[in-house]
Amino acid sequence: MTARASQLFLPTLREDPADAEATSHKLLVRGGYIRQLSAGVFTFLPLGWRVHERVVQIVREEMDAIGGQEMLAPVLTPAELWATSGRDSSPEIFRLQDRTGRAFVLPMTHEETFTWHARELRSYRELPQIWYHFQTKERDEPRPRGGLLRVREFIMKDSYSFDRDEEGLDRSFRLHAGAYDRIFERCGLEVHAVQAESGMMGGKESVDYLAPSGSGENTLVTCERGDYAADLEIALGVPRAAEFPQRLDAPQEVATPGATTIEALAESLQLDPAATSKAMPVVRTDGTLVLALVRGDDRLSETKLLGVLGTGFRPATEEEILSSFGAGGGSLGPVGCSPEVVADEALREGQFVAGANRDGWHLRGVEAGRDYDPRFADIRESRAGDACPRCGGALRFGTAIEVGHIFKFGTRYSEPLGATFLDEDGSERPIVGGSYGIGPARTMAAVIEQRYGEAGMTWPSALAPYAVHVVALPGLEGAAEELAGALEAAGHAVLLDDRSLRAGEKFADADLIGCPARVIVGRKTLEDGAVDLIARLTGTQERVQSDRVVARVAEVL
RNA sequence: CGGGACGUGGCGCAGCCUGGUAGCGCACCUGCUUUGGGAGCAGGGGGCCGCCGGUUCGAAUCCGGCCGUCCCGACCA
């Protein structure tokens, strides 16, 4: 098909919108792909919707290829369904009532709904099933940001697998993992599949698909040699070795007046900060105090500590610290303290300087096992300078955006909702499920984040709104139209810029919009029976005889 | 929810400090010229200055409240 720019709603902007920060946000707005209606709520304009639907179609094809069955579940969802699963307390869900006061939610995922339908699966003979849909999701984000990167309303492909047992679930899970690899590959997007938290609602295995990008919410940790990738929240870096001073047979008090920070402490004792320890007192939801201990140069990972403690926690208050330790926040240590001590693995070997639980004093030569008896766990946040846990290579850190997430929820939803089936032996069992999400809009934003040029986007052919952008220079609309027709006949989606604008404006718009092939029909070359062809992906420009354009375009796409 | 900033024609901004009824660039409309990288000249249209209240003879400007938007943080199936 051919779209005429003169009739298309394609409002391009010369300048960056004032409220955009992320590159993808700026370019999508400037290029006339999207417009914001409210914080985190966007309209897809004709170009943006075309790209979105191209991502959708790729996802659809790959889902169908693993046996997925497309359907459509509603947005409006009775709140009691969510009450049954216990998720109705989530602060993120939008709630509303109908005129009679009946409560509904606008959900951000559809585990409940699909599992509810899965109750119609009665026999093991009907399993496994993979169901999916593309549906609008609502999420009362406390803070939308970055254009399409984090929004309050978005379309998501979510699929749900239903199996008779863990083995089957594992098969469905791996089918999805394969499909996701192919989807992102086809979209030209670099992603890393990393182990993830499955969250409070989750089950066991959980994999995030993180796409490196200039803006994002996640920090992706990768090994320079490519054998390790993880989300920072759970990344296992190997910290550098500390330089320890002379070994001591017993802890020794040392006056450290005013040294309440690691920097000040290391400075005043002329020590490697890595040879000190840092104590963070926290209070669990049940009220018990725990002392989390990490190496002086490390940061405590709250996510990891949460996993270790198994309950929520908050930092202890000044008063709680004083009454339990008899000293202020900067002088705490594990020796002789009453709360349980959870120490990071990095503190297992060696002698560290620790707070003496006495303001203005520290202890030298504190040794785990000898001077205090901690519970060891990995609770440090990985950081620059760490080595890869697999091969020892250097770790790299970069921002990334989560474009997909797959996880096994097991019987988390089938049990409360009563989705059971009769197995071969006649026993009634809960269906074993998995949940698999992918955000097409995030995917398109991530693609832009990964590949843009000075003047605009550079779409891969698989996602471009149009394959060929035919620029008609003034007076040559007829010739351009003819060429557009030929390209269309060859099966290409064509954008014909037939507007009566100056060449420079058309070129600038074409740069912005970023179609993979551009053909310029102008007097200069047409006299020689030729046009100029620019292949956006390679940036090359060539002069092509008119009768060979169609063939040549096919080659550069 | 904490911290910071902003809100003035469609877009990007100035004016606010030091009150006197609004301006610039781009875009838009008409005409002429121009036409391979965001043209020139001439003429023209368009703004409850986010909203409400207060101070004042007089408020875009000062004060208070609210709303909206963005950034950092908290939060995040």
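Side-chain contact, A:Lys157 with A:Ser159: a donor N or O sits under 3.5 Å from an acceptor N or O. No hydrogens or angles considered: nothing links the side chains of A:Ser301 and A:Thr303 as a donor-acceptor pair under 3.5 Å.
Taking only side-chain atoms of A:Glu111, from C-beta outward, the nucleotide of B:A77, B:G36, B:G37 with the closest atom is B:A77. Here the nucleotide nearest the side chain of A:Gln541, chosen from B:C71, B:G36, B:G37, is B:G36. Closest contact between the side chain of A:Pro474 and the listed nucleotides B:A77, B:U35, B:G36 involves B:U35. Side-chain proximity of A:Phe407 to B:A77, B:G38, B:C11: nearest is B:A77. Checking B:A74, B:G36, B:A77 against the side-chain heavy atoms of A:Thr109 singles out B:A77 as nearest. Counting only heavy atoms from C-beta on, A:Ala39 has its side chain closest to B:U69 among B:U69, B:G37, B:C75.
Rounded to whole Å, atom C1' of B:C76 lies 12 Å from atom CZ of A:Arg143. Across the protein-nucleic acid pair, A:Arg30 atom CZ and B:C26 atom C1' stand 13 Å apart, rounded to whole Å. For A:Arg145 and B:G73, the CZ to C1' distance is 9 Å, given to the nearest whole Å. Taking atom CG of residue A:Leu37 and atom C1' of nucleotide B:G68, one finds them 13 Å apart after rounding to whole Å. Atom CZ in A:Arg14 sits about 10 Å away from atom P in B:C28, given to the nearest Å. Following rounding to the nearest Å, A:Arg150 (CZ) and B:C75 (C1') show an atom-to-atom distance of 9 Å. As a whole-Å value, the separation of A:Leu232 CG from B:C76 P is 16 Å. Atom CG of A:Leu13 and atom C1' of B:C13 are 14 Å apart (whole Å).
When the side-chain nitrogen and oxygen atoms of A:Ser38 are compared with OP1 and OP2 of B:U69, one or more of them lie within a distance under 4.0 Å. Contact between the side-chain N/O atoms of A:Arg87 and the OP1/OP2 oxygens of B:A77 is not found at any separation under 4.0 Å.
A:Gly147 comes within 4.0 angstrom of no nucleic acid atom, judged by non-hydrogen atoms across all strands. Within the 4.0 angstrom heavy-atom criterion, only backbone atoms of the sugar-phosphate kind lie near A:Gln36; the bases stay farther away. Residue A:Asp16 is classed as a sugar-phosphate contact, given heavy-atom separations below 4.0 Å to backbone atoms only. In this structure, A:Ile520 reaches the bases: a heavy-atom distance under 4.0 Å links it to at least one base atom across the strands shown. The residue A:Glu92 sits close only to the backbone: its heavy atoms come under 4.0 Å of sugar-phosphate atoms, none of a base.
Of the P atoms belonging to B:C17 and B:A59, the separation is 14 Å, rounded to the nearest Å. Annotation: B:C48 and B:U61 have their P atoms spaced 16 Å apart (nearest Å). Rounded to whole Å, the separation between the P atoms of B:C75 and B:U69 comes to 23 Å. On the P atoms, B:A27 is 7 Å away from B:A39, given to the nearest whole Å. Comparing B:A77 with B:G2, their P atoms are spaced 22 Å from each other, to the whole Å. If you take atom P in B:C67 and the same atom in B:G23, they sit 33 Å apart, rounded to whole Å. Separation of the C1' atoms belonging to B:A22 and B:G46 is 14 Å when rounded to the nearest angstrom.
Of all nucleotides present, only B:G10 satisfies the Watson-Crick or G-U wobble test against B:C26, with each distance under 3.5 Å.
Atom CZ of A:Arg548 sits in a sparse spot, with 12 or fewer heavy atoms from other residues, nucleotides or ligands closer than 6.0 Å. No more than 12 heavy atoms of other residues, nucleotides or ligands sit less than 6.0 Å from atom CZ of A:Arg523. Remark: A:Trp116 CH2 is loosely packed, at most 12 non-hydrogen atoms of other residues, nucleotides or ligands lying under 6.0 Å away.
The 5' end of RNA chain B is approached more closely, in terms of each residue's nearest nucleotide, by A:His25 than by the other of A:His25 and A:Glu141. The 5' end of RNA chain B is approached more closely, in terms of each residue's nearest nucleotide, by A:Ala18 than by the other of A:Glu302 and A:Ala18.
Between the side chain of A:Arg523 and the base of B:U35, no donor-acceptor pair of N or O atoms lies under 3.5 Å.
Screening A:Phe44, A:Phe154, A:Phe134, A:Phe42 for a ring pair (Phe, Tyr, Trp, His ring centres under 6.0 Å) involving A:His52 leaves a single residue, A:Phe44.
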Can you check ring pair (Phe, Tyr, Trp, His ring centres under 6.0 Å) on A:Trp131 and A:Phe162, steps first, answer last?
-> CA-CA 9 Å; A:Trp131 298 344; A:Phe162 300 105; 5.2 Å; yes
